[in-house]
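Scope of the values below: all heavy atoms of this structure, side chains included, with no hydrogens, waters or symmetry mates. For this chain, numbers begin at 1 and follow the sequence in order.
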Amino acid sequence: MRKRLTLLPVLLLAMAYGRGQESLIYTHPGREFQQALDLYHNRQYQAAQNLFQQFLDQSSDAETRADAAYYIANAAVRLNQLGADHLMEAFVENHPESPRRNTAYLDVGNYYFDQGRYPQALKWFQKADPGTLDRKEREAFDFRMGYALYSSGRPGDAEPYLKRVANSGQYGSQAKYYLGYIAYEQDDYKQANERFDQIADQEVLREKLSYYQADMNFKLGNFEQAIEQAKKQLPKADRSEASELNKIIGESYFNLGQYGNAIPYLEQYQGRRGRWSHTDYYLLGYAYYQMKDYPKAIGQFNKIIDGQDAVAQNAYYHLAECYLNLDRKQEALNAFRNASLMEFSPEIRKDALLNYARLSYEIGNAFEPVPVALRGYLEAYPGDANADEVRKLLVDSYLTSRDFQGALELLEGSRGAARDETYQKVAFYRGVEYFLEDQPQEALTLFGKSLDAAFDPIFEARARFWQAEAAYALERYEEALAGYLRFRDLPRASSLEEYQGLEYQIGYAYFKLKEYGKAAGHFRTFSGRAPAGTAKADALMRLGDSYFMGRQYREAMAAYEDAKGSGSPEKDYADYQKALALGFLGREGEKQKALEAFTRAYPTSTLKDDALFELGNSRAQEGEDVAAIQAYDQLLSEYRMSSLVPAALMRKGLVYYNSGRNQEALGVFKEVASRFPGTQEAAQAVQSVKLIYMDLGEVDQYATWVRGLGFVEVSDQELEAASFQAAEKQRLEGNAQRAVKAYAAYLEQFPGGPAALEARFRLGQLYFDGGEPEKALEQFKVVAQSGRGDMAEQSLTRICEVLLAGEDFPAALPYLKKLEEMADITQNRTFAQSNLMKAYFREKDYQQTLSYARKVLENPSLDPRIRSDARLMIARSARETGDQEAARAAYAEVLGEASGAAAAEALYYQAYYSRQDGDLEASNAAVQQLVRDFSTHREWGGKGLLLMARNFDQLDDVFQATYILENVVKSFTDFPDLVSEAGEELARIRAREASPNTPGNPQGN
């Protein structure tokens, strides 16, 4: 501590020094000169100067002129006239014989000294010759010279002069006081005490001595004496000195371990220039900490922001302990991390790093993967007694952190890790993530890696099952079936959850392989023991399909009826299939009644057009031509976009043809050839038209008509068929590149051939699977524009997938709408509606977004991921349109069922709305869950951390707020907007905290 010296009153050098020279002053006869002297001694310097100037101008006496010049110069000094110093120097130079020559320098020096202008006094004292002075005058000179040097910031030069008068009766006490203070300033407290103890005149020094002695005893570690002396001085101290005395008393009690006594004094300290240092905050915080007043301790510790010293490291460590004692583990983790990053105390660093690793494992870590935190401790202290504990935590952290990709990268970078149990589990879980993200090929690779490290039989069995699931998703059904069967034979399989649906999965594999008898057996087994629910209903439905495809129509009808009874959402499908089964059983009349009932019972079913088509066919087969045409016409009028329109027209035309109504038949066949060129129906229509014209004997009209079509190559039909079959052969054998070339050659040679659309569709699929979406798009667009049918529907779906993947939402919209209108496959219609919902949101058409989201949610058998997407779109649209209550409710529903990015977003808004409600603790809890459970979704995590920083700032926890913001700036560089926002917030808080403490509130609260 440094204290500016308050100068004691300096004993006047008795005008005795000045008066001692008066015997020389008046040696001049004449009343006028005496009058000038009287004016000078009465301090009427201007009037005296004027009279002395007259003597100087008029007198011829050398002594009189010298005296006049002396007093003129002295008066000029006292009047602070410009050039006064020059006048005095001129006097000395011009009157070397004057006895006042030495006195002149001393006189000016004494004048400046008495005015407190010590540097100016020093200038003149240094010109004087002290050798001409008597003992008393020399004591006065030495004291004043020493004091002037000290006051001019030259204590080392002052010390010899003060020592000369240390034993003086007149100046000794003051000299010893300043010699003691010089030693005090040089931190030589022993010497200072000795000099203070030698002071004889205690009354002169009592005002200040207690303060300095208290400070010196504190610095010497004599804390009890420091307390006693400081308390003695406190009642008479001014405000500034009282602050320093409170600091001495408080810190003395602190060092004696009497923290309760220290607190009130430490609280009264006002800081240097109104500000506390990090040490000041630490001392009061630690005192609160020792008294178990953790909230107040936190209030002090967390003001030590930007600290980079041993005090800061201690403060961060004890701040963390305070948070732990209050069960605020997230905040404790942050403080331990700061303490662990400093190396001032190796013991604190090690313990802080251990606690940081433990807490990271326990509650998660927003700024680095938990395994990284744990490995950081092991790398720093590999042989430590706690290493085994941390290694066990590391094994589990890969699973609990759910950052499987990050864990996988760390493990694959570690020597030998790819063969251990941890790697087996992490590879498995990452494979499951890939599978759920619709990346089955990547999932298959990871399941293979997990099986290569087969330490744990449980995870070996699970990997087998999910490997089969991935193969199934890739339509590699034989491989999937082999995987399911291998899983079934493993010893631990029957104890696993995956085993419960195994018969169901095997049944589907056999079904896809068209082994319907075996499929039926597994679906029957599963449905016989499965609890009521979606899976059981679906198994019964597929059991019916298996029987149906195996021509066991009565068993199929029974299974369909059981599926309906089990609550299947496919009731319309079951009734339609039952009607078809009646037909195959030769019960056409019952079939017709069933189909008629179907059209009435399910007016909005996607199968109604199929039912009308079959009804028309059945009636035509029974010779009911009028009724058949009515059914076809109903289909053609109500379902103009149905894929069955070309076939229905052909059947209608055939009814006309077979009943001898050639002209009506001719019109229908020509319509098919005109509307659906390049399809098989068009080729059949051309042949039918040819037959009619031949029957009518008008072959020339046929030739004219057929040449106008532009898509029939009559003479090259055999060549065209051979060319297409060659391409098909390459595709079926898995030779993708050869198939591409063959289909392209076919289209070049037969652009209007009967199989042209199928060739384009197959070519588009090959391009799509080969990672050439633009080329695929070109082919799919042609197929989609051709009309209806499975190929057109699938092509539309692929077009939408390609455009959506490229985020070309405006281009995707019309295709999505068309797909919604014409899709016969429920999943494709759902795909169209869910993506229309997303596309409209991207285009900021929030009303359409809401409309399609509600459409999607109407589907009772909706995939949970699509359902959560729909609710998310509702939440986002409501938020964008200002309906915050609807947004809040929708996000709550999303959170109840979503996973991945959707759940991360919903959790962020839970934190956001809690903050809006003023529940900052609940908001922070939601953010902690967000960064712990969804660490891979970094943007939402970063947004959540910004929210948490603002919450802590509002809670007056400056350390937590700045810690979080600093780490967002460091850790989220891949999100520049987040970094910029965090930087601005950090600058705002630091600017606020940098402002001076207010009076009476040194803590700046």
Side-chain angles (χ1 to χ4, degrees), residues 7 9-130 132-134 136-141 143-145 147-148 151 170-171:
L7 300 177
V10 178
L11 297 179
L12 292 178
L13 290 178
M15 295 292 283
Y17 178 70
R19 299 291 183 187
Q21 300 297 324
E22 282 299 326
S23 59
L24 299 174
I25 290 175
Y26 180 59
T27 57
H28 305 284
R31 187 168 53 83
E32 293 82 359
F33 199 90
Q34 184 61 48
Q35 181 181 0
L37 285 174
D38 290 340
L39 288 170
Y40 178 86
H41 291 303
N42 288 325
R43 301 185 179 180
Q44 297 183 40
Y45 299 119
Q46 187 63 60
Q49 190 181 49
N50 292 335
L51 286 177
F52 283 128
Q53 187 63 47
Q54 291 178 17
F55 279 104
L56 184 63
D57 294 339
Q58 298 171 5
S59 175
S60 57
D61 180 68
E63 184 178 353
T64 300
R65 287 174 57 81
D67 288 348
Y70 170 77
Y71 286 112
I72 289 170
N74 264 299
V77 169
R78 285 153 178 76
L79 291 170
N80 202 27
Q81 290 178 345
L82 190 64
D85 289 358
H86 178 71
L87 286 173
M88 186 59 74
E89 289 170 350
F91 162 73
V92 173
E93 182 180 348
N94 296 332
H95 303 283
E97 75 291 348
S98 171
R100 302 182 186 280
R101 187 174 183 274
N102 192 54
T103 306
Y105 292 136
L106 290 173
D107 199 15
V108 176
N110 287 333
Y111 172 74
Y112 283 130
F113 186 93
D114 292 337
Q115 295 293 312
R117 296 161 68 181
Y118 303 113
Q120 293 93 327
L122 193 60
K123 170 185 172 182
W124 292 97
F125 284 152
Q126 288 172 330
K127 293 183 178 184
D129 179 9
T132 62
L133 303 176
D134 59 25
K136 188 173 183 180
E137 290 170 342
R138 180 60 185 261
E139 282 187 359
F141 174 81
F143 179 78
R144 289 196 168 206
M145 184 67 170
Y147 191 86
S151 298
Q170 185 172 358
Y171 302 108

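Partners of Gln49 according to the side chain to side chain contact (heavy atoms under 4.5 Å, CB included) rule, which considers only residues two or more places apart in sequence or in another chain, are Gln46, Ile72, Ala75, Ala76, Leu79, Gln81. In this structure Tyr70 satisfies the ring-ring contact (aromatic ring centres under 6.0 Å, His included) test together with Phe91, sequence neighbours excluded. Qualifying side chain to side chain donor-acceptor pair (under 3.5 Å) partners for Arg138, counting only residues two or more places apart in sequence or in other chains: Asp142. Judged as a side chain to side chain donor-acceptor pair (under 3.5 Å), and not counting sequence neighbours, the contacts of Gln53 are Asp57. With sequence neighbours excluded, the residues that form a side chain to side chain contact (heavy atoms under 4.5 Å, CB included) with Asn80 are Arg117. Listed by chain and residue number, Leu51, Gln58 satisfy the side chain to side chain contact (heavy atoms under 4.5 Å, CB included) test with Gln54 (two or more places apart in sequence, or in another chain).
The two residues Gly109 and Ala121 have their closest heavy-atom pair at O-CB, 3.3 Å.
The CG atom of Leu87 sits 16.0 Å away from the OH atom of Tyr71 when rounded to the nearest 0.5 Å.
Two residues are said to be in side-chain contact when any heavy atoms from C-beta on lie closer than 4.5 Å; Arg65 and Phe55 fail this criterion. Taking 4.5 Å as the limit, some side-chain heavy atom of Asn110 sits within range of a side-chain heavy atom of Phe125. Side-chain atoms of Phe141 and Leu106, non-hydrogen and from C-beta on, do get closer than 4.5 Å to each other. Considering only heavy atoms from C-beta on, Tyr45 stays 4.5 Å or farther from Leu39 through its side chain. Side-chain atoms of Phe33 and Phe52, non-hydrogen and from C-beta on, do get closer than 4.5 Å to each other.
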Evaluate Met145 against Leu122 for side chain to side chain contact (heavy atoms under 4.5 Å, CB included), listing each step before the verdict. CA-CA 7 Å; Met145 184 67 170; Leu122 193 60; 3.6 Å; yes
